[in-house]
Amino acid sequence: MALQRRTLISGRLAPTLGRAAGYLADLLVWSALVSLLELVRPYAIGDGADLVAIGVLTFFGLAVSRAARADLLPATRRFGLLLRDLGRAVLRRLAPKYAVAFRRSEGVVPLPDRALLGVLTVGAVVAMAFTAAGGSIFTALAYCKAQISYSLYLVGLASIWACLAGVLVMGAISGAQWVQQAESLPRSRVRVPRRLVIAVGWIVGMVVLALVPGLVSIGLVAGVGLVAYAGLSNAPATPYIFCRRDALGRPRFIPVEAFLRRAYLTLLAVLTAVVAMGQAGRLLESGWPNGPFALTQAIGQLATLAALMLLVRAAMHLTRLTGGDTAPEIPLDRTVWVREDVAQPDAWRAAAGAHDFRIVDAPQPPREGFDLVVGDPAHPQRLEPRPEADREALGWQVLRRFHVVMRRRFYKRMKRLMKALAAADTRGGSGYLFCPHAWLVHGVVRDVDVTRRGSGSLVGPGIVGPMFQQVFSPRTRRYLGDVFRALQVDIVFFEDAIRWPDLKRVFGVAFEIYDQQRGPALPRHFVGIPRVRVLVQEEPAEADPMPEQPHPTPAPGHVRVLVILRDRGGEEEPITPAPPSGRRREPTLIA
């Protein structure tokens, strides 16, 4: 009987008493906090004193969090875990995994993706609600402080301050990045210190915003964002799409430029909502912040300046990201710069025009760049037309010289890039993904986590080595775009064992295929190159494969990859080689 009574006490009653003690501890801790806040309410005059109370509340929250992790406050711990799981679920819902497809699969009709539309709608509704409510928000807060609960009032005010502080932090980071980029430029291009410009700009901005009502500030933020969005809408369409599968396994897609425009609109809606929140107490008033919410109004004005900086910086970044007028997807406009008259100008001009060359006669080089120059014998891109040749021979000379210059420039830069890759610290993976003709990818990507991210995914892995814009000129990237599109190659993959001489031979054969107009590139075209084995693979852009489906639907897009591997011997399938062409060292384009 004693053993049974001991088992009953230790097995049932003790855990119950322990849980009750834990819940009692939760109740005592939170009751003490609320009581303390209510006791100091008569002494909290203005939001400056509220700042001290919120600081104490934050410190108390950190202490309670540590106690909850130690399982001293079980109810608080369970509530915290519930909030964490809810937040993760919302993030998974709002940020699905995408894969990049360079081309759409034939016969697949995916559903359009409504990415970011929910966040965009909520942000716009909240911005309009705060603008319409105006000073009623702070009137309600003051009433809550005086008549209902000081603790509830602090929670509401702290939420507003958290949103404003988030915008301020992002604005400070954006300004610091701007200063860092400016300091990396040559000194001759930096005439005024950017730090001084930012400091003076913030001071002038605060004075200007103090002289205008809050409604004008909200309209200024919305107007700047809409003007920048109109500029982004004029960006050229690209064939790239983001692909994913929804919860039911159905393929969905969204064009990349549409996703970027929606992302900018979402940023605009969120920033406008935050600015409307900070300016709600002075929508129709002007002047320096005053009254019981003077600190909140000052933070709101600083957040307005930070929002303007973020919108401008985001627009500049997205414009640069999409390529603008120098996107690699734009076909190269072959240009010959003529510095002075040459012999028989009409003959070679007509021959060059027949091959779609644009001739620019000017003492200074064209601002958009050039490919060949006539009249400068010492220039590496010089063109010296032969006066005794006929029109067909002159056209062949101009075209051949153009390809020689562009490919020599590419080989020189690519060799430098290979040295940088050899010196880079790479962990994991077996090779590199190279696609300089795509504005979406800014550098060489290591093939890390390709299986987990999706076979066609280039979003997420870090860039290895220097950026493409630091290595290749925009005209070189556009030239490579013309070549790779003719070969129907989206990505070039080469493993670590491939050295630059072997990679150069593969690129030489690829250029030869382009010259002889034998695209698309096939494995048989590369037979005979020593020490390498070249394959061509078409891989689906599948971000979230669903192997549990018995008959999974194909991905809405795919990529065509030129795979360059080290030839380690062994048997391989017999491939009929292409007709020999002598493997000329110079371009052999057939007119």
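Atoms considered below: every heavy atom in the structure, side chains included; atoms not considered: hydrogens, waters and symmetry mates. Predicted model only: the values in this text are computed from it and were never measured. Throughout, numbering of the chain's residues begins at 1 and tracks the sequence.
- Residue-environment remark: CZ (Arg84) exceeds the threshold of 12 foreign heavy atoms within 6.0 Å.
- For the pair Pro385 and Leu394, the tightest heavy-atom approach, listed with the atom from each and the gap, is CB-CD2, 4.2 Å.
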Original post:
Between Phe526 and Arg533, is a side chain to side chain contact (heavy atoms under 4.5 Å, CB included) present by the stated rule, with each step listed?
Top reply: CA-CA 8 Å; Phe526 300 90; Arg533 180 178 298 182; over 6 Å; no
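- When atom types are taken as modelled, the side chain of Asp490 and the backbone of Arg560 share a donor-acceptor pair closer than 3.5 angstrom.
- Across every non-hydrogen atom of Trp337 and Ala362, the tightest pair is NE1-O, 2.7 Å.
- Inspection of the Glu329 and Tyr240 side chains reveals an N or O donor paired with an N or O acceptor under 3.5 Å.
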Original post:
Could you walk me through whether His525 and Arg518 pass the side chain to side chain contact (heavy atoms under 4.5 Å, CB included) check?
Top reply: CA-CA 9 Å; His525 294 144; Arg518 291 186 288 140; 3.5 Å; yes
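- More than 12 heavy atoms of other shown residues, nucleotides or ligands fall within 6.0 angstrom of atom CZ in Arg531.
- Residues Val464 and Leu421 share a closest heavy-atom pair of O-CD2, 3.6 Å.
- With sequence neighbours excluded, the residues that form a side-chain hydrogen bond (donor to acceptor under 3.5 Å, both in side chains) with Asp482 are Arg485.
- Between the side chains of His403 and Tyr479, at least one donor N or O lies within less than 3.5 Å of an accepting N or O.
- Residues Arg349 and Asp361 come closest through the heavy atom pair NH2-OD1, 2.7 Å.
- No side-chain heavy atom of Glu495 sits under 4.5 Å from any side-chain heavy atom of Ile564.
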Subject >> Full working for side chain to side chain contact (heavy atoms under 4.5 Å, CB included) between Leu332 and Asp371 >> reply: CA-CA 10 Å; Leu332 179 62; Asp371 306 308; 4.3 Å; yes
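- Contact annotation: the side chain of Ile241 never approaches that of Ile254 to less than 4.5 Å [non-hydrogen atoms, C-beta and beyond].
- Counting heavy atoms of neighbouring residues, nucleotides and ligands inside a 6.0 Å radius, atom CD of Glu392 does not exceed 12 of them.
- For Phe357, the ring-ring contact (aromatic ring centres under 6.0 Å, His included) criterion is met by Phe402, not counting sequence neighbours.
- In this structure, CZ in Phe253 is found 14.5 Å from CZ in Phe259, a value given to the nearest 0.5 Å.
- Side-chain atoms of His355 and Val398, non-hydrogen and from C-beta on, never get closer than 4.5 Å to each other.
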**OP:** Might you work through the side chain to side chain contact (heavy atoms under 4.5 Å, CB included) test for Glu384 and Arg401, ending with a clear yes or no?
**Re:** CA-CA 9 Å; Glu384 300 176 358; Arg401 180 60 182 169; over 6 Å; no
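- With a 4.5 Å cut-off on side-chain heavy atoms, Arg261 and Ser233 count as touching.
- Side chains of Met406 and Val483 form no contact here, defined as non-hydrogen atoms less than 4.5 Å apart.
- For Asp496, the side-chain hydrogen bond (donor to acceptor under 3.5 Å, both in side chains) test picks out Arg446, with sequence neighbours left out.
- Of all heavy-atom pairs spanning Val167 and Ala307, the tightest one is CG1-N, 3.9 Å.
- Every residue meeting the side chain to side chain contact (heavy atoms under 4.5 Å, CB included) condition with Pro466, not counting sequence neighbours, appears here in chain and number order: Leu417, Ala420, Gln470, Val471.
- Within the 4.5 Å cutoff, the side chain of Ile513 has heavy atoms near those of the Leu487 side chain.
- With rounding to the nearest 0.5 Å, the separation of CG in Leu265 from CG in Leu232 is 9.0 Å.
- For the side-chain contact (heavy atoms from CB on, under 4.5 Å) criterion with Leu383, the lone passing option out of Val373, Val405, Val338, Leu372 is Leu372.
- Counting heavy atoms from C-beta on, the side chains of Val506 and Val534 come closer than 4.5 Å.
- Across every non-hydrogen atom of Pro436 and Leu480, the tightest pair is CG-CD1, 3.7 Å.
- Note on ring orientation: taking the six-membered ring where Trp is involved, the planes of Phe410 and Phe511 are perpendicular (angle over 60°, cut-offs 30° and 60°).
- Applying the side-chain hydrogen bond (donor to acceptor under 3.5 Å, both in side chains) test to Gln397 and every residue at least two apart in sequence or in another chain returns nothing.
- Look at Arg262 and Asp113 and you find no salt bridge, because none of the NZ, NE, NH1 or NH2 atoms lies under 4.0 Å from a carboxylate O.
- Put simply, CZ on Phe484 and CD1 on Ile491 are 11.0 Å apart, with the number rounded to the nearest 0.5 Å.
- Salt bridge status for Asp502 with Arg505: present, with a side-chain N to carboxylate O gap under 4.0 Å.
- Under the 6.0 Å cut-off for aromatic ring centres, Tyr229 and Tyr264 do not qualify, their centroids lying 6.0 Å or more apart.
- Side-chain contact check for Val489 versus Leu562: some heavy-atom pair is nearer than 4.5 Å.
- Phe434 pairs by the ring-ring contact (aromatic ring centres under 6.0 Å, His included) definition with Phe468, not counting sequence neighbours.
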Original post:
Stepwise, does the ring-ring contact (aromatic ring centres under 6.0 Å, His included) test hold for Phe494 with Tyr432?
Top reply: CA-CA 6 Å; Phe494 55 93; Tyr432 302 94; 5.7 Å; yes
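- Side-chain atoms of Arg477 and Gln469 form no donor-acceptor pair, as typed in the model, at a separation below 3.5 Å.
- Formation of a donor-acceptor pair under 3.5 Å by the Arg413 side chain with backbone atoms of Phe472 is not found in this model.
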